[in-house]
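Below: the structure, in structure tokens.
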Amino acid sequence: MPLEIAPRSRSDGYSMSAIRLATFAALVVLAGCRGCGGSVQRLAPGIGVDPVALEFGKVKPSAPLELPLVISSQTQVELLTSSIVVDGPGEFSLGEAPTAIPGLTQQRLPVRFAPTGLTRFEGAIVITSNDPENSPLRVPVGGEGATPVLVIEPRCDASTGCRATVTATPPRVDFAPEAFARRLPGAVPTLPALIVRNDGPVELLIDALSIAGADARAFTFVEPPVLPLRVAPQARTTIPLRFSPLSETQLDYRAEVIARSDDVLRPEVRVPLAGALRPNLAPRVCLNVVRVVPSDGSAPRDYSGPAHWAPLVNGLADAGFDLRAVREIQPRSDVTLSALSSADETDCTTDPEDGRLGLTWQWRVLAAPAGTMAPPIAPQAPGLARLLPLATGAYTVELTVADAQGHTSVATVTFEVALKRDLVAQLSWSGFSDVDLDLHLVRPSSAPFSFFSEGDGGTAGDLNGYAALLQQNLPGTDFDWGLPGAFDDPRLNLDDIGTGQLIETASLNYPEHDARCDAGVCTYRVMAHVFADRRRPDAGCTVGGACRDGERCDCVAGQVCVADEAPKTSAPIGAGRCVVPAKPVLRLFLRGEATPSAVVPLETLTPPDELAVGAPCQLLHLADVEWPTSVALLSDGGRPRPVVVVPGAGDGGYVTSPVLSRFGWRQRGSLQCAPNATRPGGIGWYEVAP
């Protein structure tokens, strides 16, 4: 029966089958010697190599590689080598070669590859031994000379705030202008950097990396790299750079980064650097009312969140910060003001060069309500101050901030002290300069509607810019709404005649004090009236017949025809001029909330609602605010929300049937309304005209 020997791997390079075979052969020989009359059969030596072919791969000429070739005796007989040589180019060489290897053992032969060029080299190791069947034995050897490829690519990521200009080919870095002697250096993500890349197949070794040139001291590595710098094949490393002017007189700076490596084809790379001096800038200041602790013991109000700071940080400090409509402050409240939008020294308030290092702060109350003394203001930590306003009205606080170089910036913040603002109506007509729209807030008891004479005792029933102006000039006429006293009377906070920011705001406290609210839900009407249009419209349209004042008629798309005159007793007719109609937007804020409870027309509609008011003397009924009854507000059932109704609004939210009326008349050639009646006592007021 034949003997089967299963191969089994061993870590020493021999297989179990070879050992078993040799052992078996020895036993056979020993067994055969008994009684054989002196005749002995001897076991032959055998040679083995690992690996059977030696491949070095890619090797740098400057970094020769040495690999072992394992030579083993495959039997129990000692293996003798008489010659081990290289048959091939001189780039391959051998270490000390073994001459005798005991049976079933192995020895290592060092083989060295030192390429002299960037090409392929091949040869063989020839071993002559006492193995009768495998001598000479040839072991193929091969390898390729290769070089790393040094690439330096400047990088500047604008998304992280980097403002330098970089060029990839040839590489160059032009820093953004920088001020002298900054105490707070720019954050690393805002700096340009050099991307050092190895595009070659072997490791890159950079043994020299420096900045040289006449102005080398102005440029630095943020973290000087440890040399030699090793970069693996197809890998990269990032080296940020910083520029700091050396004086206040030198305007331009030049230097270059020099990198030396073992890249055979390009052993040296130079990257020019340039920088320029920027004048030292004054601090940028923001100012905010961040905390209000009411005197009545109610919960403190916090206005320090990002949403409260956003319009101030993005606003213009030179124009002052007006918080009258967005901060609720009662008399005798503890008010905290802050110039620090966050703990980050690079955020408002900050110096462009030094952050908040070395800043000085000077506070003062610039204005207080008429007839009162300005309350003292107490600086707290840098950038913080507190005051205790006592009187109702508007206050303006001024903050002056100076940097270490003496440059100063001034910011003011205006806030209003009052019990509350239950109803705020804001009308805007952005993009229509020289058009004067008037906001009208009409109280429930002013019915049927008229502008100025409705109400008991001759008080005004409609708050608007024209009526407020008359009220200032005519004693005995006022806006005494609700209960006696001014605490629940309406206020016209902003009045714009078309030359400002095109915003008008009216507000009211305690709307439930109107007599109509005693019996049930009462309605405050909000309207927009075209008082005047001072633009220079195109001529060439006619009003009459099917074409009415403020409609497109024979004007181009997007415009309407406005008659040259609108008589007191008849509808406008005749020659007209083409104008782009103003598009009013109404925002209603209820009970001091910072976001509008209703916007007319809706901002969420796509396409947008093209709600417009076409001609002077036209009155557009924008919204009704249905206020809860005074009984409901005094009950224990909670505070019911007011309801906003938009006249003419369809199911989809579009104002499909706008409610327009005409009040006033126009003289020939004028696009401004005029009162069309005179009340006894000389008060001009409006009444409806055809």
Side-chain angles (χ1 to χ4, degrees), residues 58-63 117-118 145-180 182 184-247 250-278 352-353:
K58 298 180 183 296
V59 178
K60 292 191 291 185
S62 60
L118 305 180
T147 181
V149 178
L150 171 61
V151 177
I152 298 183
E153 179 184 350
R155 184 72 53 85
C156 178
D157 189 352
S159 66
T160 62
C162 181
R163 297 182 296 112
T165 301
V166 299
T167 304
T169 306
R172 178 184 174 88
V173 178
D174 288 87
F175 286 80
E178 185 61 82
F180 171 67
R182 288 187 61 153
L184 184 66
V188 172
T190 67
L191 302 176
L194 299 180
I195 307 300
V196 179
R197 196 172 71 233
N198 178 13
D199 288 355
V202 291
E203 182 185 62
L204 173 68
L205 183 67
I206 300 176
D207 54 11
L209 186 64
S210 61
I211 299 176
D215 305 314
R217 291 188 302 113
F219 303 90
T220 56
F221 300 117
V222 174
E223 294 183 3
V226 178
L227 298 177
L229 177 62
R230 299 180 181 274
V231 185
Q234 306 303 315
R236 62 180 60 195
T237 187
T238 302
I239 303 176
L241 298 170
R242 192 185 299 281
F243 165 59
S244 303
L246 303 176
S247 75
Q250 183 176 345
L251 300 180
D252 297 308
Y253 294 82
R254 297 289 185 272
E256 61 181 351
V257 173
I258 303 176
R260 295 186 178 90
S261 70
D262 58 352
D263 181 344
V264 174
L265 301 179
R266 196 183 181 195
E268 181 179 279
V269 175
R270 294 174 178 257
V271 180
L273 307 177
L277 178 70
R278 173 178 64 78
E353 295 79 26

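Just so you know, residue 1 is the first one in the sequence shown, and it goes up from there. Any value given below was found using the heavy atoms of this structure, including those in side chains, with hydrogens, waters and symmetry copies removed.
The structure places CZ of F221 at 6.0 Å from CG of L241, a figure rounded to the nearest 0.5 Å. The structure places CG of L191 at 5.0 Å from CZ of R242, a figure rounded to the nearest 0.5 Å. To the nearest 0.5 Å, atom CD of residue Q234 and atom CG of residue D199 are 6.0 Å apart. In this structure, CG in L265 is found 5.5 Å from OG1 in T147, a value given to the nearest 0.5 Å. Atom CZ of R278 sits about 14.5 Å away from atom CZ of F175, to the nearest 0.5 Å. For the atom pair OG1 of T238 and CZ of R155, the computed distance is 7.5 Å after rounding to the nearest 0.5 Å.
No donor-acceptor pair closer than 3.5 Å links the side chain of S244 to the backbone N or O of A218. Within the 3.5 Å criterion, the main-chain N or O of Q250 finds a donor-acceptor partner in the side chain of S247. Put simply, the side chain of N198 gets close to the backbone of A232: a donor and an acceptor are under 3.5 Å apart. Remark: the backbone N or O of G161 is not paired with any side-chain donor or acceptor of T190 at under 3.5 angstrom.
The side chain to side chain contact (heavy atoms under 4.5 Å, CB included) test with L209 is passed by exactly one of P228, P225, S261: P225. V257 pairs in a side chain to side chain contact (heavy atoms under 4.5 Å, CB included) with only one of the listed residues (L194, V173, V269), which is L194.
Contacts classified as salt bridge (Lys or Arg N to Asp or Glu O under 4.0 Å) and involving residues 210-229 (residues at least two apart or in different chains) are not found.
The aromatic ring centres of Y253 and F219 sit 6.0 Å or more apart.
Here the side chains of I195 and R236 are in contact, with some heavy-atom distance below 4.5 Å. Side-chain contact between T165 and P192 is absent, with no heavy atoms from C-beta onward closer than 4.5 Å.
Summarising the geometry of D262 relative to L204, their closest heavy-atom pair is OD1-CD1, 3.7 Å, with the distance given to 0.1 Å. Here the closest non-hydrogen pair linking P233 and P201 is CG-O, 3.4 Å. Heavy-atom minimum distance, K60 versus V202: CG-CG2, 3.3 Å. For V166 against C156, the heavy-atom pair with the smallest separation is CG1-CB, 3.9 Å. D252 approaches A276 most closely through the heavy-atom pair OD1-CB, 4.0 Å. When all heavy atoms are compared, the tightest approach of L150 to R266 is O-NH1, 4.0 Å.
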With salt bridge (Lys or Arg N to Asp or Glu O under 4.0 Å) as the test, would you mind laying out the steps for D174 and R172 before giving the verdict? CA-CA 7 Å; D174 288 87; R172 178 184 174 88; 2.8 Å; yes

Assess the residue pair D207 and R260 against the criterion (side chain to side chain contact (heavy atoms under 4.5 Å, CB included)); give the C-alpha distance rounded to whole Å, side-chain angles, the decisive distance to 0.1 Å, and a yes or no. CA-CA 6 Å; D207 54 11; R260 295 186 178 90; 3.8 Å; yes

Kindly determine whether E178 and L277 satisfy side chain to side chain contact (heavy atoms under 4.5 Å, CB included), including the steps that lead there. CA-CA 5 Å; E178 185 61 82; L277 178 70; over 6 Å; no

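By the 6.0 Å contact criterion, CZ on R163 is open, its count of non-hydrogen atoms from other residues, nucleotides or ligands being 12 or less.
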